[in-house]
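Shown next, in structure tokens, is the structure this report addresses.
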Amino acid sequence: MKKILFVLSQYRVCERILPIIPVLSDKYVLDCLLVYEMSVKHRWPGDDDPRKYFYDSYSRDFNKIFDGTDPSFSDYDLILTDDNRVSSKTNLEKIYRQKKGTMLSCFHGPVEKYNNIKFFQNGYKRIYDKTLVLGRKDCLTDYCLPIGIPSNDGLKDRKIHPNHILVIVNFVGNIKSVIGFKPFPITFDDRLVSELDLERLQKKLDVPIIIKLKSRAGEGNKQVTRNQSYIESIMPNVNYSIVIDANNDELICNSKLVISCPGTFALKSIQLGIPTVLIEGSNEDGHFPLFKGFVPPAKRSIKQKIEEMMKSGKDDNFINEVIEGGNDFTSTEKMIEVIEDCL
């Protein structure tokens with residue numbers, strides 16, 4: 001049997017491709033190398049370590065799991081990495097120099113910073129032979145292959161319960177005091193909270209609000225309490241709760257409305273046709289301006305866009321253009337076809 005090595009570095013990135021593991025394990029010998037934030041050496045900065053789910057769900061599918069020691073990279077017919085960035089944190093260059101089979105690297109995120117010709121050229125024949133991208137719109141070179149998001153395929157079998165308003169946050173408004181700069185013009189601060197008009201929105205939709213925060217290694221070990229305290233200081237008199245590390249599929253499928261930064265997480269609700277608005281300026285735009293729920297951070301515009309999205313259906317055109325296998329939830333099948341064509 002042919003051998004495949006998975007190189008996994010960040011849970012938030014690798015979780016997108018995890019569903020292909022059991023399928024491939026029936027036909028190939030799989031090993032896994034855990035590096036950077038997936039290694040046991042990394043202290044998880046959030047409130048619930050999702051690596052436990054990885055071990056519980058997928059460890060049985062691997063012949064060997066390496067953490068702290070390297071396998072012989074030349075032993076594998078194919079090496080698949082969860083990230084296509086050149087970085088000393090993952091040291092994929094070392095793996096590429098020692099490998100003999102094909103090496104594939106998956107997209108880091110759906111924004112222009114990681115999906116442009118210069119970026120792809122920087123990693124080509126340095127950390128990958130081919131890079132796996134979100135959709136055909138990102139196939140800017142002949143070594144880009146579209147795979148969609150396999151982890152979203154399972155959403156098609158879940159029931160939708162419109163129980164809350166979900167607000168997905170990229171950076172909290174205190175970020176400049178933490179890391180020394182403001183990554184994007186719009187953060188979740190008192191100004192954006194005012195523009196969202198959450199009191200009026202909750203009164204209209206009559207459901208609680210859930211604020212979903214990210215846990216980041218770069219924000220230190222006290223980020224949970226620090227960010228929760230900040231949120232509490234800017235929220236109006238509404239019924240809300242804060243979650244950090246949670247079951248993302250459950251959060252999405254229980255949403256009546258999703259308000260989000262542009263990003264991979266929001267593609268879940270977009271694929272399901274749950275009313276979704278994306279706040280311009282809270283992340284890089286990528287292809288998200290093509291989505292009919294993309295809106296500037298202004299109260300009147302947000303109000304109008306929410307009303308529009310509550311009435312309209314799924315944005316099939318956006319999904320077809322941007323997410324391979326996104327409309328019919330066949331990204332797992334698409335990705336496996338790509339891998340087997342490269343073996």
Side-chain angles (χ1 to χ4, degrees), residues 8-20 37-38 46 50 53-54 81-85 105-116 119 131-139 144-156 158 166-171 183-184 188 212-217 243-253 255 258-274 276-291 293-294 314-315 318-327 329-332 334-335:
L8 306 181
S9 62
Q10 289 181 288
Y11 188 81
R12 193 174 290 123
V13 178
C14 75
E15 67 173 333
R16 304 171 197 157
I17 65 171
L18 295 181
I20 72 169
E37 293 184 8
M38 285 299 287
Y53 171 78
F54 165 75
T81 75
D82 65 353
D83 205 327
N84 62 353
R85 296 175 299 171
S105 295
C106 300
F107 68 97
H108 177 75
V111 294
E112 62 266 32
K113 180 178 180 180
Y114 306 116
N115 295 279
N116 61 78
F119 175 82
T131 186
L132 311 185
V133 297
L134 177 61
R136 297 182 185 274
K137 258 196 168 323
D138 296 313
C139 293
C144 293
L145 303 172
I147 60 167
I149 307 174
S151 61
N152 285 3
D153 289 353
L155 293 171
K156 69 180 184 297
R158 300 186 69 120
L166 179 63
V167 180
I168 302 171
V169 175
N170 192 9
F171 286 97
F184 300 103
F188 193 76
K212 172 66 170 73
L213 304 181
K214 283 185 178 181
S215 56
R216 285 186 171 90
V243 300
I244 301 175
D245 297 313
N247 186 314
N248 291 341
D249 288 353
E250 284 188 9
L251 287 175
I252 291 292
C253 292
S255 295
V258 175
I259 301 171
S260 179
C261 58
T264 311
F265 193 177
L267 293 174
K268 292 179 182 289
S269 56
I270 291 172
Q271 282 185 244
L272 285 170
I274 294 172
T276 301
V277 296
L278 304 179
I279 306 299
E280 181 181 1
S282 55
N283 198 357
E284 292 189 53
D285 289 348
H287 300 308
F288 288 103
L290 299 173
F291 175 59
F294 191 76
K314 190 163 68 168
D315 193 343
F318 173 80
I319 297 169
N320 284 330
E321 284 193 59
V322 174
I323 312 168
E324 184 75 1
N327 249 328
F329 298 93
T330 57
S331 294
T332 301
K334 305 287 187 184
M335 185 173 183

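Quick note: residue numbers are just sequence positions, from 1. Heavy atoms only: backbone and side chains are in, while hydrogens, waters and symmetry mates are out. Nothing here was measured: the structure is a model prediction, and the numbers come from that model.
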So does Val169 get a backbone contact from the side chain of Lys214, meaning a donor-acceptor N/O pair under 3.5 Å? no

Minimum side-chain heavy-atom gap Arg16-Phe107 below 4.5 Å: yes

Looking only at the aromatic ring of each residue, does the gap between the centers of Phe291 and Phe318 stay below 6.0 angstrom? yes

Short N-O contact, Glu284 and Lys113, less than 4.0 angstrom: no

Got a second to check how far Leu155's CG is from Ile252's CD1, nearest 0.5 Å? 8.0 Å

Non-hydrogen side-chain atoms of Arg12 and Phe265 separated by less than 4.5 Å: no

Between Pro110 and Thr264 the two heavy atoms that sit nearest each other are CD-OG1, 3.0 Å

I need the minimum non-hydrogen distance between Phe184 and Gly281, along with the two atoms involved. CB-O, 3.4 Å

Verify side-chain contact (heavy atoms from CB on, under 4.5 Å) between Leu134 and Leu267, making sure each step is shown before the conclusion. CA-CA 11 Å; Leu134 177 61; Leu267 293 174; 4.0 Å; yes

Between Val111 and Asp285, is any pair of side-chain heavy atoms under 4.5 Å apart? no

Let me confirm one number: the CD1-OG distance from Ile274 to Ser255, rounded to the nearest 0.5 Å. 5.5 Å

Short side-chain donor-acceptor distance under 3.5 Å, Ser105 and Thr81: yes

Would Val277 and Val258 count as a side-chain contact (heavy atoms from CB on, under 4.5 Å) if you check the C-alpha gap in whole Å, the side-chain angles of each, and the deciding distance to 0.1 Å? CA-CA 6 Å; Val277 296; Val258 175; over 6 Å; no

Where do Arg216 and Phe171 land on the side-chain contact (heavy atoms from CB on, under 4.5 Å) test, with the steps shown first? CA-CA 10 Å; Arg216 285 186 171 90; Phe171 286 97; 3.5 Å; yes

Under the 3.5 angstrom rule, does the side chain of Asp82 hit a backbone N or O of Ser9 as a donor-acceptor pair? yes

Minimum-distance pair of heavy atoms, taken over all atoms of Ser151 and Asp249: O-OD2, 4.4 Å

So among Ser260, Cys261, Pro289, which one has a side-chain contact (heavy atoms from CB on, under 4.5 Å) with Leu278? Ser260

Can you see whether His287 engages Asp138 through a side-chain donor-acceptor pair at a distance of less than 3.5 angstrom? yes

Atom CG of Leu166 and atom OG of Ser269: how far apart are they, to the nearest 0.5 Å? 8.0 Å

With the side chain counted from C-beta on, respond yes when Tyr114 and Arg85 share a heavy-atom pair under 4.5 Å apart, and no when they do not. yes

Is the closest side-chain heavy-atom distance between Phe188 and Ser282 below 4.5 Å? no

Rounded distance [0.5 Å steps], CG in Asn327 versus CD1 in Ile319: 4.5 Å

Heavy-atom closest pair (Pro262 atom, Ile279 atom, distance to 0.1 Å) is CD-O, 3.4 Å

Hey, what do you get for CG (Leu132) to NZ (Lys334), rounding to the nearest 0.5 Å? 14.5 Å

Looking only at non-hydrogen atoms, find the nearest pair between Leu290 and Lys137 and report the distance. CD1-CE, 3.3 Å

Indicate yes or no: at least one non-hydrogen side-chain atom of Lys268 is less than 4.5 angstrom from one of Asn248. yes

Can you name the nearest heavy-atom pair linking Glu15 to Pro19, along with the distance? O-CD, 3.9 Å

With a 6.0 Å cut-off (strictly less than), is the heavy-atom count around CZ of Arg136, excluding the residue itself, greater than 12? no

I would like to know whether Asp245 and Ser215 meet side-chain contact (heavy atoms from CB on, under 4.5 Å); could you show each step before the answer? CA-CA 7 Å; Asp245 297 313; Ser215 56; 3.2 Å; yes

State the NZ-OG1 distance between Lys314 and Thr276, to the nearest 0.5 angstrom. 12.0 Å

Are any side-chain N or O atoms of Ser331 and backbone N or O atoms of Phe329, one a donor and one an acceptor, separated by less than 3.5 Å? no

Taking the side chain as every heavy atom from C-beta outward, state whether Thr330 and Thr332 have any atom pair closer than 4.5 Å. no

Student check: side-chain heavy atoms of Glu324 and Ile147 closer than 4.5 Å: no

Please check this pair: side chain of Glu112 against backbone of Gly286, looking for a donor-acceptor N/O pair closer than 3.5 Å. yes

